[in-house]
Amino acid sequence: MQIDKETLKKDFKRKLTALYAENISSASAFHKYYAISSLVKDYSSEKWMNSNDNYSNKEKKQVYYFSMEFLIGRLLGSNLLNLGIKDMCKEALAELGIDLDELLEVEHDAGLGNGGLGRLAACFLDSMASVGIPGHGCGIRYDYGLFEQKIVNGYQVEIPDNWLKNGNVWEVRREDKAVVVKFGGEVTPVLENDRLSFKHENFEAVLAVPYDTPIIGYKNNTVNTLRLWSAETIDKDFDFDSFSKGEYTKAVEHKYSVQSISQVLYPDDTRVEGKILRLKQQYFFVSAGLQSIIRTYKKMHKPINKLDEYIQIQINDTHPAVAIAELMRILVDEEMLEWDEAFKITTSVMSYTNHTILAEALEKWPINIFKKLLPRIFMIINEINERFCKEVYAKYDDLNIVHDMAIICDGYVKMAYLAIVGSHSVNGVAKLHTEILKERELSKFYNFFPQKFNNKTNGITHRRWLLQSNPKLADLITKNIGQNWIKEPIKLINLLSYSKDKNFQDKIYEVKQANKAQFSDYFKSKHGVTIDPNSIFDVQVKRLHAYKRQLLNVFNILDLYYRLKDNPSLDIVPRTFFFGAKAAPGYYLAKQTIKLINTVADLIDNDQAVNGKIKVIFLENYSVSLAEKIIPAADVSEQISTTTKEASGTGNMKLMMNGAITIATLDGANVEIRDQVGDDNIVIFGMKKDEVMEYEKNKSYNSTEYYNKDPRLKRILDSLVNGSLGVPTSEFSDIHKYLLANNDEFFVLKDFASYIDAQNKIDELYKNQGKWREMSIINIAHSGAFSSDNTIKKYARDIWRIVK
Ligand code: 26Q
């Protein structure tokens with residue numbers, strides 16, 4: 001379907017009237033947003049249907065990305081862009097007196113994720129559709145996404161994110177495709193025709209209803225599907241049994257208990273708690289997803305033992321790892337396959353991506369909880385475990401190794417081990433991360449299954465993170481190297497020949513200044529606060545975690561503040577330090593760090609002595625849509641995690657792609673960014689991998705030594721508890737204690753001096769604008785290597801065995 005401006009205008013007016021019985025002059029911005037979005041969805045429907053038909057007619061191999069999180073953000077802008085009708089639509093609406101940009105701002109973010117892992121899933125969906133891979137998402141349609149953050153008196157306050165309150169225009173409810181998921185009850189083996197089968201009784205049956213969202217590829221007619229499952233009671237509103245017995249409260253209680261399964265995203269991405277509801281969420285969407293995949297597969301009339309030739313499932317961290325046992329259940333109990341054959345198919349279908357090496361984030365479930373909620377699944381995992389333990393014993397003849405590798409051990413079911421044993425591929429998300437998994441965290445599994453381990457460095461979609469969010473830069477690039485980079489992002493490398501071109505450097509600077517001014521205007525109108533667009537925009541945006549070391553950033557700011565107080569004529573380029581970070585609601589230290597950032601912001605604001613040279617801005621409610629505003633305006637990208645702790649990072653790639661210069665430790669994908677741009681175009685500081693590992697092994701770090709040795713650190717740490725920050729002395733005593741009495745787990749004090757040097761180097765580099773702009777261009781030129789299109793092609797080739 002070819003849409004022109006006049007058609008769109010006509011369609012839009014008709015839509016507004018059909019939906020709301022309104023015309024343009026009477027409709028609210030939200031109604032106009034909803035009408036245009038509904039129209040965009042109409043325009044994509046035929047492509048969606050055709051893609052589905054094409055996949056089933058041609059019997060194409062389908063990939064399913066199973067994830068507890070999809071951090072999509074807004075869809076109107078990216079859908080218009082990918083359909084190739086954005087400019088036309090903007091003009092058409094302008095002719096009707098409507099500003100498209102205003103409508104884009106009305107859309108509520110789909111915030112169904114915590115951070116990196118969920119956003120990666122969203123970038124992968126965009127890339128799979130855009131490179132034409134039949135790849136779909138499978139997850140949970142949470143009623144409430146990640147909480148909205150408000151800052152009250154410097155503290156984080158969480159507000160529920162009721163993102164569906166005005167409806168979600170993009171989704172289609174498909175009640176005709178609902179399936180039943182069973183929890184609890186008892187399982188008894190029965191012998192039938194010489195074969196053991198398993199009778200499941202007294203279970204709780206929950207209805208899983210899918211809501212589908214089209215995922216539109218970039219100008220290629222491909223439309224894939226994100227299928228999110230919602231939990232409902234089978235007989236809709238209440239349990240009629242209880243109702244008819246007069247037990248009214250019980251009747252509605254059941255309804256609420258069922259609905260609670262898909263009610264809310266867990267907002268914690270650090271410490272895993274053995275919460276039964278979370279396990280219920282996991283099995284709920286995994287079982288529903290697999291049932292629907294198998295049902296579709298069987299419509300093709302292919303033999304079940306060829307499943308792996310047509311279906312591939314990627315599990316996003318261990319959260320959906322129970323899929324391995326659920327597929328075994330379907331193949332053995334329902335499709336009547338023998339165990340060995342079923343296991344061969346299962347491992348050939350499944351692959352697992354690991355996103356973390358922090359021990360406290362590795363999922364394990366107490367046996368008693370697991371067994372009670374998923375009795376048959378537990379039996380299956382037990383069987384997988386027993387067979388695996390036998391193999392390990394046969395190979396090593398050593399019970400200690402069996403103990404270390406057992407899936408069920410010490411009272412727990414270990415999901416990472418299940419994921420490894422039940423998959424044909426285990427990948428880390430950056431070279432360094434994969435090395436650490438192989439050498440340390442999962443070394444025993446690597447020795448046992450070396451062929452399964454591989455690296456797939458993360459990526460980001462350059463369509464959202466450059467083309468859409470930074471149109472000025474995108475236009476400038478296209479003017480100079482043509483538009484091929486949009487379909488082939490690696491072509492950004494052609495910018496290299498302009499890196500020393502004075503004229504182009506000036507243009508790059510103008511774009512950055514325009515983006516900074518635009519952000520300052522936005523911030524002024526929203527918060528009434530003035531930001532100097534001529535200051536360096538120094539940006540640290542990511543979840544708040546001790547290992548990400550927002551504290552180190554704050555300490556540099558405090559040190560700079562004291563230097564300015566001691567010497568008001570200190571020659572530095574004015575700098576604005578931006579922080580955007582949500583803390584898990586139960587993560588006390590992270591929340592105190594937010595209070596500290598805001599306290600330092602106030603201290604500086606209220607001090608004439610620093611003369612507007614530095615400013616601290618806490619960006620409330622950091623989210624995908626806010627990221628799209630701040631990243632194009634960033635000069636400096638803060639990637640300062642303790643080396644070995646950040647699996648990859650993806651914000652680092654977004655910022656680089658927008659021309660920011662990275663100040664970083666050699667952690668996660670920062671290493672690969674350094675390898676791309678070279679040491680001269682990134683500022684590296686801090687401990688290296690071997691050093692961190694050495695200290696951890698020997699337990700030889702003593703933070704107090706650094707406090708005693710470095711008067712700058714002494715002054716900063718003392719200020720936390722001596723009242724000089726303008727808050728009661730007790731306010732930050734726990735941060736103080738964490739760093740000194742508890743010995744600073746993430747080496748903030750140890751890396752402090754080298755970080756300060758690196759920050760001084762940033763200041764020097766910025767003063768040399770020729771050099772700075774050249775660096776910026778070199779970074780943009782190399783950022784094509786981090787397009788998730790490249791990443792996804794590698795998954796397709798190496799893991800999913802898709803030949804294109
Ligand atoms: C697990 C169990 C119970 C409750 C919560 C969780 C949970 C939820 C989310 C555990 C971890 C997460 C999210 C992890 C995450 O976002 N990891 C990041 O993944 C990115 C994409 O690979 C990497 O770039 C980051 O380095 C990594 O921290």
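Remember, it's 1-based here, ligands and their atoms both numbered in the order they're listed. Each residue takes its place number in the sequence, starting with 1.
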- prompt: Would you say the side chain of N382 lies within less than 4.5 Å of the side chain of I408, judging by non-hydrogen atoms?
  reply: yes

message: So if I count the atoms of ligand 1 from 1 in the order they appear, which ones are less than 4.0 Å from some heavy atom of Y547?
response: 28 (O)

- prompt: Which of the listed options, G113, S641, A430, G649, holds the heavy atom that is closest to atom 24 (O) of ligand 1?
  reply: G649

- prompt: If hydrogens are left out, which of N354, D269, N114 has an atom nearest to atom 12 (C) of ligand 1, that is, the closest non-hydrogen atom?
  reply: D269

statement: Per-atom filter on ligand 1: closer than 4.0 angstrom to a heavy atom of N458 are 21 (C), 22 (O), 23 (C), 24 (O)

message: At less than 4.0 angstrom from any non-hydrogen atom of A647, what atoms of ligand 1 do you find?
response: 26 (O)

Residue among K548, R549, K542 satisfying side-chain hydrogen bond (donor to acceptor under 3.5 Å, both in side chains) with E646: K548

message: Within ligand 1, which atoms have a heavy atom of E69 less than 4.0 Å away?
response: 8 (C), 9 (C)

query: Is a side-chain donor-acceptor pair under 3.5 Å present for Q540 with Q639?
result: no

Whether T356 lies under 4.0 Å from ligand 1, heavy atom: no

Expected output: side-chain D161 to main-chain I159 donor-acceptor under 3.5 Å: no

field: Distance-minimising heavy-atom pair for L739 and F555
entry: CD1-CZ, 3.5 Å

